[in-house]
Colleague: 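Could you have a look at this structure, given as structure tokens, before my questions?
In what follows, every heavy atom counts, from backbone to side chain, and hydrogens, waters and symmetry copies are set aside. One-based numbering along the sequence shown.
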Amino acid sequence: MIFEKGDLVMTNGLIWRKFVVLLAVFALLVAACGNDDDDGPVASEPDPPAVSDQASDGAAEEPTAPEETAGESEGTTDEGAETTGNAEQSTDPEETAVEEVSDVDPEGVLRRAVNLTEYGGLSFDPASMQAGQYQFTYPVTNSWVKYLPSGEIEMDLAESAEIVDATTIRVVLKPNLVFSDGESLTAQVAVDSIIRTTEAAAPGLRINGGLSLIESMDVVSDTEFVINLTAPVGGSWFKLLADAETTPVSPASMDGGDHARDVITAGPFKIDSYQEGSVVTLVKNDLYWDADNVRLNAIELVHTDGPTAVVNALRSGAADFATGPSLITPQELEALGDSVEGIAKQLPAAYLINGCFSEPSPVANVLVRQALNYATDRDELNELVYGGLSAPAWGMVPPGSAEYNPDLEGLYAYNPDRARELLAEAGYGDGLDLKIVTTTGDSQTISEVVQAQWSRVGIDLEIVPTTDLVGEWYLAAGANGDLNPVPLLRGLPDSFPRMFQTTAFANICDTTFPGIDECSSELVALTPGSDEYFERSKDCQAILIRDAVVGVMTVFVIQSIGINSEKLANVAYQIDPILQNQLDVTEVYVRVT
């Protein structure tokens, strides 16, 4: 197994020793807590309840609100490099020509493990896409731009895309674009597609706070359109140009029928066949603008419904690639075998223990929140939850990210004595009872670890499990508990308006924190990648973590990937809406055997 974080690489032996420690300690922890070791879904920060942006790979996110999980790139990547909203890709043939290699199998088929039964099956149509499904549809629904792990933005269907100002985005199409059915892709069709998707309000897309912010769109010419927003959030909104929200569909797919299985797009692949609950076959779209450089002949999405099945599929060769919290976790990576590479990628997304920060909850008291921070041993959390593959989260992004604020490093280093002092100062010298509402998976494991840690300073933490996080946490407004663990997978800047502003849906008790509303509004208006944006993002994190003490930052989320590295070559990734790495199918190819 390989751990990727910047230039750090950890090999099998070290990882194996770490997992032995992890399993031994974790077994004792589970026995003490009476919990099943569940590799289930992870809940993450929510959208407003009208529509949902839900968990990738079936992660347990509420059907109407929560955010995808470890399945929006926010201006940094796992390397923390800069992104910009004004990048352009050269169309010079010499610059875009594929590298000549001798081992490409022209008939190569890539097989990816996917759960094809969730939500009634996989929809490729933006008008009916369900939670987390966007990540499996990139070969068909690749849109105007791509976010890369390097932090760069690469043009795809767009010749150029730019943030004109905080409320205006301009997109210029590549010339002579066509859909896979041969119909012309014009600016007018692009606008019509976005309108169709907005009106359909599919639960798996970013509608509230996303497409709903479009005030109007202007068709300037056959190859140019302008998006006018109702709020100054251009820096945040720009990333929708990389995903299904703005994917253009052919006029033939805008007839009002159900096109979940046969939608026609202009992406690098098109749907060839769809066998319910079994396999979906995608074939290369020869009319794609860069088809000459696409070296896969076909992609098969193979139904696989859990970690054990995924491991077996990867080991047997039935699947070549898998990722997602309900499909593969760090614990499975060691079982993949010699020909299958297990990769653990640390994402620039911190796990936050969020809460109801209003009376009568004790965590309304900032001294209590400071005490919880000092009572949290982040190094121990890293070992017990991720086998040492993650790192303590002092801010919202790790060191090396352009948004990282070094002033927050070690701000709440583990100090149980200080935690006891603060609790006594807050009036809880004799102890404190709290409840934490959680789903299964990493969220529950984190809850169990801090339960043990906080007990050392006199805090009795009751774990309240739920399968309805929207109803029992987000809509309950503190009635069932004080706290909830949530990965900030929307990253910066989106986590601020989604999580921390006074009116944010995830701010379940509508607490007003001085400075956060103002900082959030400024941050989402700035161009990602600009010096001003990076400086302001550091300021906002300081207000959030040092001044307001909004919850407890713990460790960073780990994405697990299983890949047949003997079969696949030139493996490259693009970044999805929640910072995960997804295969860039325009780069990878199958080796001749």
Colleague: Between CG of Leu287 and CD of Glu183, what distance do you get to the nearest 0.5 Å?
Modeller: 11.5 Å
Colleague: So, the side chain of Ser221 versus the backbone of Thr223: is there a donor-acceptor pair under 3.5 Å, distance only?
Modeller: yes
Colleague: Do Ser560 and Thr329 have side-chain atoms, one donor and one acceptor, less than 3.5 Å apart?
Modeller: no
Colleague: Please answer whether the main-chain N or O of Thr439 pairs with a side-chain N or O of Ser443 as donor and acceptor at a distance below 3.5 Å.
Modeller: no
Colleague: Determine yes or no for a side-chain-to-main-chain donor-acceptor pair under 3.5 angstrom, with Thr137 supplying the side chain and Tyr134 the backbone.
Modeller: yes
Colleague: Can a donor-acceptor pair be found, under 3.5 Å and without considering hydrogens, that links the side chain of Thr445 to the backbone of Gly441?
Modeller: yes
Colleague: Output yes when Glu224 and Arg170 qualify as a salt bridge under the 4.0 Å nitrogen-oxygen rule, no when they do not.
Modeller: yes
Colleague: Answer yes when Asp105 and Arg295 have at least one side-chain N-carboxylate O distance shorter than 4.0 Å, and no when they do not.
Modeller: no
Colleague: Does Asn312 offer a backbone N or O that forms a donor-acceptor pair with the side chain of Ser316 under 3.5 Å?
Modeller: yes
Colleague: Checking Thr265 side chain against Val249 main chain: does a donor-acceptor pair fall under 3.5 Å?
Modeller: no
Colleague: Between Ser250 and Asp181, does any side-chain donor sit less than 3.5 Å from a side-chain acceptor?
Modeller: yes
Colleague: Decide yes or no for Glu341 and Ile561: does some side-chain heavy atom of the first lie under 4.5 Å from some side-chain heavy atom of the second?
Modeller: no
Colleague: Between Asp584 and Tyr138, do the side chains contain an N or O donor and an N or O acceptor separated by less than 3.5 Å?
Modeller: no
Colleague: Do any N or O atoms from the side chain of Arg591 and from the backbone of Ser565 form a donor-acceptor pair under 3.5 angstrom?
Modeller: yes
Colleague: So how far is it from Asp442 CG to Gln444 CD, rounded to the nearest 0.5 Å?
Modeller: 10.5 Å
Colleague: For the CG atom on Asn176, are there more than 12 heavy atoms of other groups (residues, nucleotides or ligands in this structure) within a distance under 6.0 Å?
Modeller: no
Colleague: Within the structure provided, determine whether Ile563 and Leu568 are in side-chain contact (heavy-atom separation under 4.5 Å).
Modeller: yes
Colleague: Kindly compute the distance separating OG1 (Thr168) from CH2 (Trp237), expressed to the nearest 0.5 Å.
Modeller: 11.5 Å
Colleague: If we only count heavy atoms from C-beta on, is the Thr197 to Leu211 side-chain gap below 4.5 Å?
Modeller: yes
Colleague: So Asn228 and Asp218, do their side chains get closer than 4.5 Å, heavy atoms only?
Modeller: yes
Colleague: Can you tell me if Asn581 and Gln559 form a side-chain donor-acceptor pair at under 3.5 Å?
Modeller: yes
Colleague: Less than 6.0 angstrom from the centroid, inside 45 degrees of the normal: does Lys270 satisfy that with respect to the ring of Phe179?
Modeller: no
Colleague: Does a donor on one side chain sit under 3.5 Å from an acceptor on the other, for Ser253 and Asp255?
Modeller: no
Colleague: How far does OH of Tyr589 sit from NZ of Lys567, to the nearest 0.5 angstrom?
Modeller: 14.0 Å
Colleague: Which of these, Asn285, Val294, Thr281, sits in a side-chain contact (heavy atoms from CB on, under 4.5 Å) with Phe269?
Modeller: Val294
Colleague: Has Arg261 got its NZ or CZ under 6.0 Å from the middle of the six-membered ring of Tyr274, at an angle within 45 degrees of the ring axis?
Modeller: yes
Colleague: Going by atom types alone, do Thr586 and Lys146 pair a side-chain donor with an acceptor below 3.5 Å?
Modeller: yes
Colleague: Taking the side chain from Asp272 and the backbone from Leu282, do they hold a donor-acceptor pair closer than 3.5 Å?
Modeller: no
Colleague: Distance from Asp576 atom CG to Asp243 atom CG, nearest 0.5 Å?
Modeller: 7.0 Å
Colleague: Donor-acceptor pairs under 3.5 angstrom involving side-chain atoms of residues 303-310: please list them, not counting sequence neighbours.
Modeller:
{"unit_1": "His303", "atom_1": "ND1", "unit_2": "Leu116", "atom_2": "N", "d": "3.0"}
{"unit_1": "Thr304", "atom_1": "OG1", "unit_2": "Val302", "atom_2": "O", "d": "3.1"}

Colleague: Any chance you could measure Gln574, atom CD, to Gln135, atom CD, to the nearest 0.5 Å?
Modeller: 11.5 Å
Colleague: Answer yes or no: is there a donor N or O on one side and an acceptor on the other, between the side chain of Lys174 and the main chain of Asp156, under 3.5 Å?
Modeller: yes
Colleague: Are a donor atom and an acceptor atom from the side chains of Ser123 and Asp125 found within less than 3.5 Å of each other?
Modeller: no
Colleague: For Phe238 and Trp144, I'd like to know if the aromatic rings sit close, meaning centre-to-centre distance below 6.0 Å.
Modeller: no
